[in-house]
J.: 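Okay, handing you the structure first.
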Amino acid sequence: MNAKLSVMPKELHEPIFDLNSTLCCGQAFRWDKQGQWWFGIFGKNACKIRQKSGSIEFEGADDRSVKNYFRLSDDMPKILSDINKDKHIKNAIVKFKGLRILRQEPWECLISYICATYKNIPAIKNMLNNLSQKFGEETHLENHSLYVFPSPTKLANASLHSLEACSLGYRAKYVSETAKKICDAALDLESLKKKSYDEARRELLELPGVGPKVADCVLLFSLEKLEAFPVDLWIKRAILKYYAAQLPRPFVERVTAQGSLSNTSYGKLSSFGRQYFGKYAGYAQEYLYHYERTST
DNA sequence: CAAGTGCCTTTATC
DNA sequence: AGATAAAGGCACT
């Protein structure tokens, strides 16, 4: 059975949701577009979804989980006006208006971004699909096979060799060790939602394979920390391009010269983003990221 | 089609 | 603290 969900009250001319931007922008890696339908799986919901102007149509998940996953309750007019600080971010907002941060499952999100280090998006998709096919439960939607993301136990018990065989490379041991820590309850991911950004971040950084960037991605995309401002290569470029005047000159020169970001440079760029864009800095980051990646 | 470059970085080491 | 190198292998040109 199909479910229909009005994204915004009908009387609004501008439903602020853009399914394509949301699923294309590189925050989640397990969606595929076939025709007008996106096929994917979140939690145990093997799902297909499409958008027709003001409404989305989907199958395989209930209203509540769809609203939750796509953050359809976020107050977009407020968020967008909040982060709309200058003409640069405005360009991104105009172009991708309706792009939403997804509310991903913390465990899958954590492993996704541990895998994402030093990889491009198609390769990341490949790794996560390999892991899911090899270790996750198979589910079906029509004639499609979709695989639930494997549990911490499954990955903790997987041999290093079998993880490497999913094209994880050196990430295999990080995934394995992190899975074991989560299984041993050395860290309870869900509990981080209730903690502050700083405290949750500190705890994530204890995990092998998790540095500042990965931690910020997990905080933003799965742990309710919309102020998190992950800084990758593209965001670093964007800040140097648009906001250099707002940063100390020597710092800008140092970062420009640096190939990769030092820990302290990362911290300065990220806290600039948080201070400049405010409590929804993560949304600004995602708009900037997608804009920079697609318009150059 | 081969070869080179880059990849939503982290870790280890100096 | 900052710089540097190493770490799979895939995708794209």
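Hydrogens, waters and symmetry mates play no part in the numbers below; they use all other heavy atoms, side chains included. Reminder, nothing fancy here: chain letters follow the sequence lines and each chain counts from 1.
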J.: Taking atom P in both B/dC8 and C/dA6, compute the distance separating them and give it to the nearest angstrom.
T.: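 My reading of the P atoms in B/dC8 and C/dA6 gives 22 Å.
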
J.: List the residues meeting side-chain contact (heavy atoms from CB on, under 4.5 Å) with A/Leu233, not counting sequence neighbours, and say none if there are none.
T.: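 For A/Leu233, the residues satisfying side-chain contact (heavy atoms from CB on, under 4.5 Å) (neighbours in sequence not counted) are A/Arg237.
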
J.: Grab the CD1-C1' distance between A/Ile114 and C/dA7 for me, whole Å please.
T.: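 Answer to the nearest Å: 16 Å.
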
J.: Looking only at atom P, what distance separates B/dT13 and C/dG8, rounded to whole Å?
T.: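 Those two atoms are separated by 15 Å.
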
J.: Which glycosidic conformation, syn or anti, is assigned to C/dG8 if syn requires a torsion within 90° of zero?
T.: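 Glycosidic conformation of C/dG8: syn.
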
J.: Mind checking if A/Pro212 touches a base, just sugar-phosphate, or nothing, with heavy atoms under 4.0 Å?
T.: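 Sugar-phosphate, no base atom in range.
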
J.: With sequence neighbours left out, what residues match A/Asp32 under salt bridge (Lys or Arg N to Asp or Glu O under 4.0 Å)?
T.: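 Result, salt bridge (Lys or Arg N to Asp or Glu O under 4.0 Å) vs A/Asp32: none returned.
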
J.: Between C/dA7 and A/Tyr118, is there a base-stacking contact, meaning the centre of the base's six-membered ring lies under 5.5 Å from the residue's ring centre while the planes stay under 30° apart?
T.: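 Stack criterion met.
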
J.: In chain order, what residues pass the side-chain contact (heavy atoms from CB on, under 4.5 Å) check against A/Ser191, with sequence neighbours excluded?
T.: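 side-chain contact (heavy atoms from CB on, under 4.5 Å) check on A/Ser191 returns A/Asp188, A/Lys195.
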
J.: Among residues two or more places apart or on two chains, list those pairs meeting side chain to side chain donor-acceptor pair (under 3.5 Å) that have a residue in residues 246-258 of chain A.
T.: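 Output for this query lists A/Gln258-A/Ser265.
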
J.: For the pair A/Asn130 (side chain) and A/Asn126 (backbone), establish whether a donor and an acceptor sit closer than 3.5 Å, ignoring hydrogens and angles.
T.: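 Side chain of A/Asn130 to backbone of A/Asn126: a pair is present.
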
J.: Using atom types as modelled and distance alone, determine if a side-chain donor or acceptor of A/Ser271 lies under 3.5 Å from a backbone N or O of A/Gly267.
T.: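 Yes: the side chain of A/Ser271 pairs with the backbone of A/Gly267.
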
J.: Just to be sure I understand the rule, does A/Leu207 reach a base, reach only the sugar-phosphate, or reach nothing, if contact means heavy atoms closer than 4.0 Å?
T.: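 Here A/Leu207 touches the backbone only, sparing every base.
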
J.: Rounding to an integer number of Å, can you tell me how far A/Tyr113 OH sits from B/dT9 C1'?
T.: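 Taking atom C1' of B/dT9 as the reference, OH of A/Tyr113 is at 13 Å.
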
J.: Please list, pair by pair, any protein nitrogen or oxygen found under 3.5 Å from a nitrogen or oxygen in nucleotides 12-14 of chain B.
T.:
none

J.: Any donor-acceptor pair under 3.5 Å linking the side chain of A/Lys44 with the backbone of A/Ile41?
T.: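 Not a single qualifying donor-acceptor pair exists.
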
J.: Using a 4.0 Å heavy-atom cut-off across all strands, classify A/Cys115 as base, sugar-phosphate, or nothing.
T.: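 Nothing: the residue A/Cys115, judged by heavy atoms under 4.0 Å, touches no strand.
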
J.: With the threshold set at under 4.0 Å for non-hydrogen atoms, list the residues of residues 246-278 of chain A touching DNA chain B in residue-number order.
T.: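 Hits under 4.0 Å, by residue number: A/Ser260.
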
J.: Starting at the 5' end of DNA chain B, what dot-bracket string do you get if Watson-Crick and G-U pairs under 3.5 Å are bracketed, crossing pairs use [ ], other-strand pairs use | and unpaired bases use dots?
T.: ..|||||.||||||

J.: Taking side-chain contact (heavy atoms from CB on, under 4.5 Å) as the definition, give me every residue that meets it alongside A/Ala28, ordered by chain and number, with sequence neighbours left out.
T.: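 Result, side-chain contact (heavy atoms from CB on, under 4.5 Å) vs A/Ala28: A/Trp31, A/Tyr69, A/Leu102, A/Gln104.
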
J.: Could you tell me whether A/Tyr289 contacts a base, only the sugar-phosphate backbone, or nothing, with contacts defined as non-hydrogen atoms closer than 4.0 Å?
T.: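 Here A/Tyr289 touches the bases of the nucleic acid.
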
J.: Below 3.5 Å is the cut-off: list the nitrogen or oxygen pairs between protein and nucleotides 10-13 of chain C, distance only.
T.:
from: C/dA11; atom 1: O4'; to: A/Asn120; atom 2: ND2; distance (Å): 3.3

J.: Mind checking side-chain hydrogen bond (donor to acceptor under 3.5 Å, both in side chains) for A/Glu138 and listing every partner two or more places apart, or none if nothing turns up?
T.: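 With neighbours one apart ignored, the set is A/Ser145.
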
J.: Within a 6.0 Å radius of atom CD on A/Glu137, are there more than 12 heavy atoms belonging to other residues, nucleotides or ligands?
T.: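 12 or below, so no.
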
J.: Before we go on, tell me: are the rings of A/Phe229 and A/Tyr289 under 6.0 Å apart, centre to centre?
T.: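 Between A/Tyr289 and A/Phe229, which both carry aromatic rings, the centre distance is not below 6.0 Å.
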
J.: Salt bridge or not between A/Lys97 and A/Asp18? Use side-chain N to carboxylate O under 4.0 Å.
T.: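 A salt bridge is absent here (no side-chain N lies under 4.0 Å from a carboxylate O).
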
J.: Which part of the nucleic acid, if any, lies within contact of A/Val231, taking any heavy atom under 4.0 Å across all strands shown: a base, the sugar-phosphate backbone alone, or nothing?
T.: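 No contact.
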
J.: Quick one: is C/dA6 close enough that its OP1 or OP2 comes under 4.0 Å of any side-chain N or O from A/Arg171?
T.: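 No, no such contact exists.
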
J.: I want to confirm an ordering. Mapping A/Val210 and A/Leu233 to their closest nucleotides on DNA chain B, which one lands closer to the 5' end?
T.: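 Looking at DNA chain B, the more 5' nearest nucleotide goes with A/Leu233.
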
J.: Closer than 3.5 angstrom, by distance alone: can the side chain of A/Arg71 be matched with the main-chain N or O of A/Arg103 as a donor-acceptor pair?
T.: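 The answer is no, because no donor-acceptor pair under 3.5 Å joins these two groups.
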
J.: Taking only Lys NZ, Arg NE, NH1 and NH2, and the carboxylate oxygens of Asp or Glu, determine whether A/Arg50 and A/Glu57 approach each other closer than 4.0 Å.
T.: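 Yes, A/Arg50 and A/Glu57 are salt-bridged.
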
J.: Run the salt-bridge test on A/Lys180 and A/Glu177 with the 4.0 Å N-O cut-off and return the result as yes or no.
T.: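 So A/Lys180 does not pair with A/Glu177 through a salt bridge.
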
J.: For A/Lys181, is there an ion pair with A/Glu206 - N to carboxylate O distance below 4.0 angstrom?
T.: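 So A/Glu206 does not pair with A/Lys181 through a salt bridge.
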
J.: Please give me every residue in residues 26-34 of chain A whose heavy atoms get under 4.0 Å of an atom in DNA chain B, ordered by residue number.
T.: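 The stretch gives A/Gly26, A/Gln27 as the residues lying under 4.0 Å from the strand, ordered by number.
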
J.: Taking only residues two or more places apart in sequence or in another chain, which ones pass side-chain contact (heavy atoms from CB on, under 4.5 Å) with A/Ser65?
T.: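 Partners of A/Ser65 under the side-chain contact (heavy atoms from CB on, under 4.5 Å) test: A/Phe42, A/Asn45, A/Ala61, A/Asp62.
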
J.: Would you kindly compare A/Arg237 and A/Leu205 by the position of their nearest DNA chain B nucleotide and give the one closer to the 5′ end?
T.: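 With A/Arg237 and A/Leu205 compared, the 5'-side residue is A/Arg237.
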
J.: Can you check the A/Lys125 NZ to B/dC8 C1' distance for me, whole Å?
T.: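 About 14 Å, once rounded to whole Å.
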
